[in-house]
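Here is the naming used below: chain letters follow the sequence lines, and residue numbers restart at 1 for every chain. Just so you know, these numbers use all the heavy atoms, side chains as well, and skip hydrogens, waters and symmetry mates.
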2 protein chains.
Amino acid sequence: MKLSSKSRYAVMALADIASFNKNKPVSLRDISLRQNISLVFLEQIFSKLKKNNIVKSIRGTNGGYVLSNDPNQIKLSSIFLAVDEKVKQVQCKKESKKGCNGKSSKCITHYLWDELELYINDFFNKKNLGDLLKKNLETRTET
Amino acid sequence: MKLSSKSRYAVMALADIASFNKNKPVSLRDISLRQNISLVFLEQIFSKLKKNNIVKSIRGTNGGYVLSNDPNQIKLSSIFLAVDEKVKQVQCKKESKKGCNGKSSKCITHYLWDELELYINDFFNKKNLGDLLKKNLETRTET
DNA sequence: CTAATCTTGACTATTTTTGTCGGGTATATA
DNA sequence: TATATACCCGACAAAAATAGTCAAGATTAG
């Protein structure tokens, strides 16, 4: 049970933009170097982030990406939604006529996974990019 | 971000034993039929559950498995531990000298994933097999 | 004995993840 | 206007993880 690298990179990259952003667009190349993430993979990820309006792109020389919103307005759940991270995929299919296990309508554990899904989504809904930067600043000054 | 089938099946199978158990061992064959899970796969799973003392085995005709403890004593976290389900695997390696991203000591998102891990583990620690049976009984009587 | 059941390790097919490759297109700046 | 720096996009591919299968036993009730 883990997050995909895609999602993890997305959060890292956005946090990078948020902290290095001096009102200038941040290029994927810079992010790639700073965060040690493959440039071409980043392009894939940012294509989705852009489609979902998490970032805006500026083309051409000195171009790059900027956040569409204040970091405090960008919830982790929006980011994950953008890059197709799903909590609990099609394990217990709601639509299937056959039910979870192909027999009874709902398997014994059905409600448990529902509950877990809600629980985790709650976490992602409550956290935003701003929280992340704050937290990181705190721990830096601690050491 | 999802649970493996192995873990899901483990919980389903144990819940099955807990509900059909009339002080007699429950055979994997019966579980396989009732829950629609491959028998041979169940064997793999129960091998681990037995090693971790979640169930006891009784060999021979009319044999099967029984729970080692009262369902209320069996936490989901123990079950997942037994079948090697891990929340947040080795994404941000704690031991690595190179740090999470191969550069700085800890990546920007390090504390976030730590927090998420604790959060989810908390859920699994608080839930036990008994809760699951109770919940299932409730919803049955509702309909 | 024999049928039912657990025991174990090796093997394999499928799916998902994590990218790469190769071509674009847009734009700032010299 | 030429050029370098960026974003843009779809197809492809290697690697890892998942979800099993297969085969050959060992135990025990009846």
For atom [atom1] of [X] and atom [atom2] of [N], their distance in whole Å:
X: A:K2; N: D:dT18; atom1: NZ; atom2: C1'; result: 11 Å
X: B:Y65; N: C:dA4; atom1: OH; atom2: P; result: 18 Å
X: A:E85; N: C:dT16; atom1: CD; atom2: C1'; result: 12 Å
X: A:L39; N: C:dG19; atom1: CG; atom2: P; result: 13 Å
X: A:F41; N: D:dC8; atom1: CZ; atom2: C1'; result: 17 Å
X: B:K24; N: C:dA4; atom1: NZ; atom2: P; result: 16 Å
X: A:D84; N: C:dT16; atom1: CG; atom2: C1'; result: 13 Å
X: B:N36; N: D:dG20; atom1: CG; atom2: P; result: 11 Å

Taking 4.0 Å as the cut-off, does a side-chain nitrogen or oxygen of [X] come that near to OP1 or OP2 on [N]?
X: B:Y9; N: D:dT18; value: no
X: A:N62; N: C:dT29; value: yes
X: A:S38; N: C:dT20; value: yes

Q) Can you list every pair that meets ring pair (Phe, Tyr, Trp, His ring centres under 6.0 Å) and has a residue in residues 47-83 of chain B, with sequence neighbours left out? A)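 Counting only pairs at least two positions apart or across chains, the ring pair (Phe, Tyr, Trp, His ring centres under 6.0 Å) contacts touching residues 47-83 of chain B are B:F46-B:Y65, B:F80-B:F124.
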Q | Listed nucleotide nearest any side-chain atom of A:S5, set C:dT29, C:dT20, C:dT18 | A |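 Given the options C:dT29, C:dT20, C:dT18, the side chain of A:S5 is closest to C:dT18.
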(Q) Taking the nucleotide of DNA chain C with the nearest heavy atom to each, does A:K6 or B:L28 sit closer to the 5' end? (A)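 This one resolves to B:L28.
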Q: Taking all non-hydrogen atoms of both residues into account, name the closest pair between B:N72 and B:D131 and its distance.
A: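 Where B:N72 meets B:D131 most closely, the heavy atoms are OD1-N, 4.4 Å.
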Q. How close do B:I31 and B:A13 get, heavy atom to heavy atom, and via which atoms?
A.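 Nearest heavy atoms, B:I31 then B:A13: CG2-CB, 3.8 Å.
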(Q) Just to verify, which of A:L118, A:N121, A:L3, A:L116 counts as forming a side-chain contact (heavy atoms from CB on, under 4.5 Å) with A:V87? (A)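 The single option meeting the side-chain contact (heavy atoms from CB on, under 4.5 Å) with A:V87 is A:N121.
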Q | Strand-adjacent residues in residues 43-61 of chain A, judged by heavy atoms under 4.0 Å from DNA chain D | A |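 Of all residues in residues 43-61 of chain A, the ones placing a heavy atom under 4.0 Å from DNA chain D are A:E43, A:Q44, A:K50, A:S57, A:I58, A:R59, A:G60, A:T61.
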Q | Side chain to side chain, A:L112 and B:K135, heavy atoms closer than 4.5 Å | A |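 No, every pair of side-chain atoms sits at 4.5 Å or beyond.
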Q | Any side-chain heavy-atom pair of A:D16 and A:M12 under 4.5 Å | A |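 No; the side chains remain at least 4.5 Å from each other.
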Q) Between A:F123 and B:Y119, how do the two ring planes meet: parallel, tilted or perpendicular, split at 30° and 60°? A)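 Because their plane-to-plane angle lies in the 30° to 60° range, the rings of A:F123 and B:Y119 count as tilted.
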